[in-house]
Amino acid sequence: MIEIKNLTVDLGTFSLQDINLKIEPGEYFIVLGPTGSGKTILLESIAGLYPIKSGEIWLNGTEVTKVEPEKRGIGFVYQDYALFPHLSVKGNILFGLKQMKRPKGELQSTVDWIAGLLGVSHLLERKPETLSGGERQKVALARALSISPQVLLLDEPLSALDPQAREDVQHELREIHRRLETTIIHVTHDFEEAIALGDRIAVLGEGHILQIGTPEQIFRQPSSEFVARFAMARNIFSGEVHDAEEGDSILSIGDLELAVVTELRGKLHASLRPEDILISKEAVISSARNSLRGTITRIDNRGSTLYLTVSTPLDFVCLVTRRSFEELGLKAGEEVYITFKASAIHVF
Amino acid sequence: MIEIKNLTVDLGTFSLQDINLKIEPGEYFIVLGPTGSGKTILLESIAGLYPIKSGEIWLNGTEVTKVEPEKRGIGFVYQDYALFPHLSVKGNILFGLKQMKRPKGELQSTVDWIAGLLGVSHLLERKPETLSGGERQKVALARALSISPQVLLLDEPLSALDPQAREDVQHELREIHRRLETTIIHVTHDFEEAIALGDRIAVLGEGHILQIGTPEQIFRQPSSEFVARFAMARNIFSGEVHDAEEGDSILSIGDLELAVVTELRGKLHASLRPEDILISKEAVISSARNSLRGTITRIDNRGSTLYLTVSTPLDFVCLVTRRSFEELGLKAGEEVYITFKASAIHVF
Amino acid sequence: MRKMLRWVAARKLTITFFLLGLVILLFIFVPLLKMVFSSDPGILWDTLGEGEVRSAIWLTLYAALIATVVGLLLGVPLAYFLARHRFRGKRFVETLIDIPIVVPHSAAGIALLFVFGQNFFVGKAFNSVGIDFVSAVPGIVIAMLFVSVPFLINSAKNGFEKVDVRLEKVARTLGASPWQAFFRVSLPLAWRSIFSGSVMMWARGISEFGAVLILAYHPMVAPVMVYERFEEYGLDYARPVAVILILVCIVLFIALRSLAYRGEKA
Amino acid sequence: MRKMLRWVAARKLTITFFLLGLVILLFIFVPLLKMVFSSDPGILWDTLGEGEVRSAIWLTLYAALIATVVGLLLGVPLAYFLARHRFRGKRFVETLIDIPIVVPHSAAGIALLFVFGQNFFVGKAFNSVGIDFVSAVPGIVIAMLFVSVPFLINSAKNGFEKVDVRLEKVARTLGASPWQAFFRVSLPLAWRSIFSGSVMMWARGISEFGAVLILAYHPMVAPVMVYERFEEYGLDYARPVAVILILVCIVLFIALRSLAYRGEKA
């Protein structure tokens, strides 16, 4: 288990302040934040590679704040791999093992086991410069895992890879986590990556932790506009919530009134995910649902899926699969109905 | 109009061979290829910045193969912007205009117009180093457009940007293309980008053009396994096509028999897009459709959408939106039915 | 106390390396500082009053400046050429450029005397248009040029290598000829390196002794004067000139170097 | 013909720059080549036969090598320290390191004589343990060390700066102490730069004339011998020694430099 208490790190132009995290043993923990939000520095602070201004870091019940990095047993994987260019793949994996002064036979068997685990056995004699991006990242993982770390820190492990290698390494990460049950802290700026891998996600912005929760919570119930934008909610509104008949709530955005489910009242924000909106050619009426008529004003083609902007006149962005899009025969300028549950709107 | 005839470029370790392209005036043309496939060099060859081994380049009916780059009137935008660091944003935009020796008043009005078009008017006095990625890319576009180029060449213009800036610049590109009707050649390794922007797409692999067509054609009817993989078809099979009763065709993959629509016969490849597969809890029977029973063996969460792997025992990857996924209450290990049209399978 | 011990323990490598480095830094500065600070300001002032000394220093600065200007005109194009082209034997050319640094200066002086003296056609050709090298200012200039031009070429080459070649390519697509791309993009961006190389070249030119001694004992440059006074009258008499010369060199060098670095991030 | 004119027209800048660069290259090599090739091999051979010449060359190589070893021990730690730390005044320290290059060598010799001579405590301290600097090998070594150590420090610093500091950080997480990270990662990766800086330092030490002349006329190193023969007997008598010295320098330098570059991409 790893615990970070009131961590403050000075980054020159700004600082990470009052970071508090408690990560359970075996958890896959994601730190999600935009480029330049200090994610790498946060990981380096945990590993003891960056001087922290104040705060404490606890590892399995022991304070390690002042312990040197070589005595923490933390595996680190940098974004662009940071493989030792003067050593072969085998030399890279052996680096940490040699430091531990294990008997020679054991070294060999550990290298074989790790290389097998990550599928890099056939690369052992190659130099890092001859490897592809995906291969390098796997070697970097193998090297970090060679010392059987208590925690594995991953600094944007997928962002330097092209789409196919990215899926491959992502799968590898999930497998490693499942098989070795290592605690992993993975930082990224990619929301899809966070949701695909994380047990829990912490959103980092402007030097603070803005929200911690399961992917589902971050996705459905962002606590601020920043998080909602980052989670690509796309439909984010400001309006006023007041009582309706029968104890329900109504969100007024200009002239528009939407049924929502919330205890909150007053001037508030609301987010609605594009995939929660149903598009149809005919109206769908139901007490639990909001249904609006509008015109398709923009089509954003993503291949398998499409984002449609429907002006009601308030703009709603909706997600449809290509199959639905074609089956409905939708076109720009066409009139459609959009329908979404009152409970799909998250008020905050 | 731009025409490339039998272009061959030597790249040291490999070469681009027999590149033939004909790009219509005002077309948004995409060249799609993996990292290291020579896309940048192709653009540099068109602009006259890279010596070509043989072949011809024609611009609006004139051969320009030996014409110097400064006399071609081609705008170029590099992946990481290549702004002049010693000049302000205004100085960057003015660079090409000064070269043309226009009267001073005209210079000012052109800069104002271009900066307004790209929404960088408020940045004119800033130095490039102080700009964000998205802003830099817009300035680079403004600079390239300042000379009213006949063709605009874009080298992975979105890949160095983070997701939000990417959507922003992508929107800007579409607007520029719509308003100025400039011919654009845009190279990328990102299939989604290609499909969102391109009028036509050429797929480049191993030094050759593998397929040219509309996004729809590349997407639906890949001509080779390489293209199918690149278009993220995800379900790519090898099998044998033979006659069925009533003049239909059957694709046999091992024990599995699928109805397909094709004139081809024999050992062939087939691709099926994940969004063309419908998942249901109950069987759907129809003569035009293939319906199979299987088990969900893997769930790959992408946030708004999910990729499910269904083993029938042949593995099919299917795309569902989060809404459908939740409405159906799907879980790993569950038995489901997958259904797809015979025409959804593309045989090649 | 325990905290301090811990601080030291965590920085053993840094502290050891710092102390070892300090030895070499002291080795460089103690002689210079000691010499400057143990000099009698009155004697220095008197020495500066000697017309002979002033004109020697002036000649040194002036000849080195001419050498630097020649170096700029001929060396910067070479530096740009090397930064932008790959060819077989490029490493060899780069090694050749460093050779004046490693050739013994007295031997270099003899080689130059040999070519620019009046027995060889180069010397004769210049002589016929009225330029003499032996025991003349042009001889001092070529001696300085020979030993100091590698510093400018190397610095300018590094500067040009750091200019992304794609900036020049973009300039071309914007209508600039290769010359315009060079003068509007590459040269302004490499300017800092060129300037700091010129400072180095000028200073190195001022410092040259061996080659100048052989090629042109007269007119006398300041480093030769230091040697002459040492030889003729001994250490005490040579010292004031040496101190003034060292001060001029160091002050000029530090001032110009900080000008070159001004505004740059460390 | 038209094709060739077009080829030239498209490369005006490159050709102009190449020709300008050629002037400076010829200026560097013609004197050296002319001197080497117009020498009578018989005379060179006879000169090499002189025990005095051989021992002077041997002494030069040997003293410069000792200076280089000292430079490695003290300069490499300083280079690493400077490559890894940012502090106020770092630019100033870097400028100070270059000062021995730009201080006139004769004046530098006087400054060293002043500190390492027997009037100052440093000289006295060494004298009490039996080490004399004036007119002795240690004096030659410190004169060479003084003028040549900046080349090693700068080259090693560049080498260490090119080693990604994150490689050291990864090494730390893998259980390496700062020392182990230095010896297993940084040093092997910067090795090429350190080696090539050492070659430069050694060669520059061999080439030193002015400072050695003042500190230790005897025992006589080869550059001083060239000067002595020139002064005493004239150009023709000095030439064979100069040629041999130039050849030794150039051959050693080119051989070691290519060793340093071997296997590296240009």
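All chains are named by letter (A, B, ...) in the order of the sequence lines, taking the proteins before the strands, and each is independently numbered beginning at 1.
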Run the ring-ring contact (aromatic ring centres under 6.0 Å, His included) test against B:Phe325 and tell me which residues pass, sequence neighbours left out. none
What part of A:Ile277 gets within 4.5 angstrom of chain B, counting heavy atoms only: side chain, backbone, both, or neither? backbone
Between chain B and chain A, are any donor-acceptor pairs under 3.5 Å, and how far apart is each one to 0.1 Å?
from: B:Thr35; atom 1: OG1; to: A:Asp162; atom 2: OD2; distance (Å): 3.4
from: B:Asp162; atom 1: OD2; to: A:Thr35; atom 2: OG1; distance (Å): 3.4
from: B:Gln164; atom 1: NE2; to: A:Arg229; atom 2: O; distance (Å): 3.1
from: B:Glu167; atom 1: OE1; to: A:Arg234; atom 2: NH1; distance (Å): 3.0
from: B:Glu167; atom 1: OE2; to: A:Arg234; atom 2: NH1; distance (Å): 3.2
from: B:Glu167; atom 1: OE2; to: A:Arg234; atom 2: NH2; distance (Å): 2.5
from: B:Glu167; atom 1: OE2; to: A:Arg302; atom 2: NH2; distance (Å): 3.3
from: B:His171; atom 1: ND1; to: A:Arg298; atom 2: NH1; distance (Å): 3.4
from: B:His171; atom 1: ND1; to: A:Arg298; atom 2: NH2; distance (Å): 3.3
from: B:Arg174; atom 1: NH2; to: A:Asp300; atom 2: OD1; distance (Å): 3.4
from: B:Glu216; atom 1: OE1; to: A:Arg322; atom 2: NH1; distance (Å): 3.0
from: B:Arg220; atom 1: NH2; to: A:Glu326; atom 2: OE1; distance (Å): 3.0
from: B:Arg220; atom 1: NH2; to: A:Glu326; atom 2: OE2; distance (Å): 3.2
from: B:Arg229; atom 1: O; to: A:Gln164; atom 2: NE2; distance (Å): 3.1
from: B:Arg234; atom 1: NH1; to: A:Glu167; atom 2: OE1; distance (Å): 3.0
from: B:Arg234; atom 1: NH1; to: A:Glu167; atom 2: OE2; distance (Å): 3.1
from: B:Arg234; atom 1: NH2; to: A:Glu167; atom 2: OE2; distance (Å): 2.5
from: B:Glu275; atom 1: O; to: A:Arg323; atom 2: NE; distance (Å): 2.9
from: B:Glu275; atom 1: OE1; to: A:Ser304; atom 2: OG; distance (Å): 3.0
from: B:Ile277; atom 1: O; to: A:Arg323; atom 2: NH2; distance (Å): 3.4
from: B:Arg298; atom 1: NH1; to: A:His171; atom 2: ND1; distance (Å): 3.4
from: B:Arg298; atom 1: NH2; to: A:His171; atom 2: ND1; distance (Å): 3.3
from: B:Asp300; atom 1: OD1; to: A:Arg174; atom 2: NH2; distance (Å): 3.3
from: B:Arg302; atom 1: NH2; to: A:Glu167; atom 2: OE2; distance (Å): 3.3
from: B:Ser304; atom 1: OG; to: A:Glu275; atom 2: OE1; distance (Å): 3.0
from: B:Arg322; atom 1: NH1; to: A:Glu216; atom 2: OE1; distance (Å): 3.0
from: B:Arg323; atom 1: NE; to: A:Glu275; atom 2: O; distance (Å): 2.8
from: B:Arg323; atom 1: NH2; to: A:Ile277; atom 2: O; distance (Å): 3.4
from: B:Glu326; atom 1: OE1; to: A:Arg220; atom 2: NH2; distance (Å): 3.0
from: B:Glu326; atom 1: OE2; to: A:Arg220; atom 2: NH2; distance (Å): 3.3

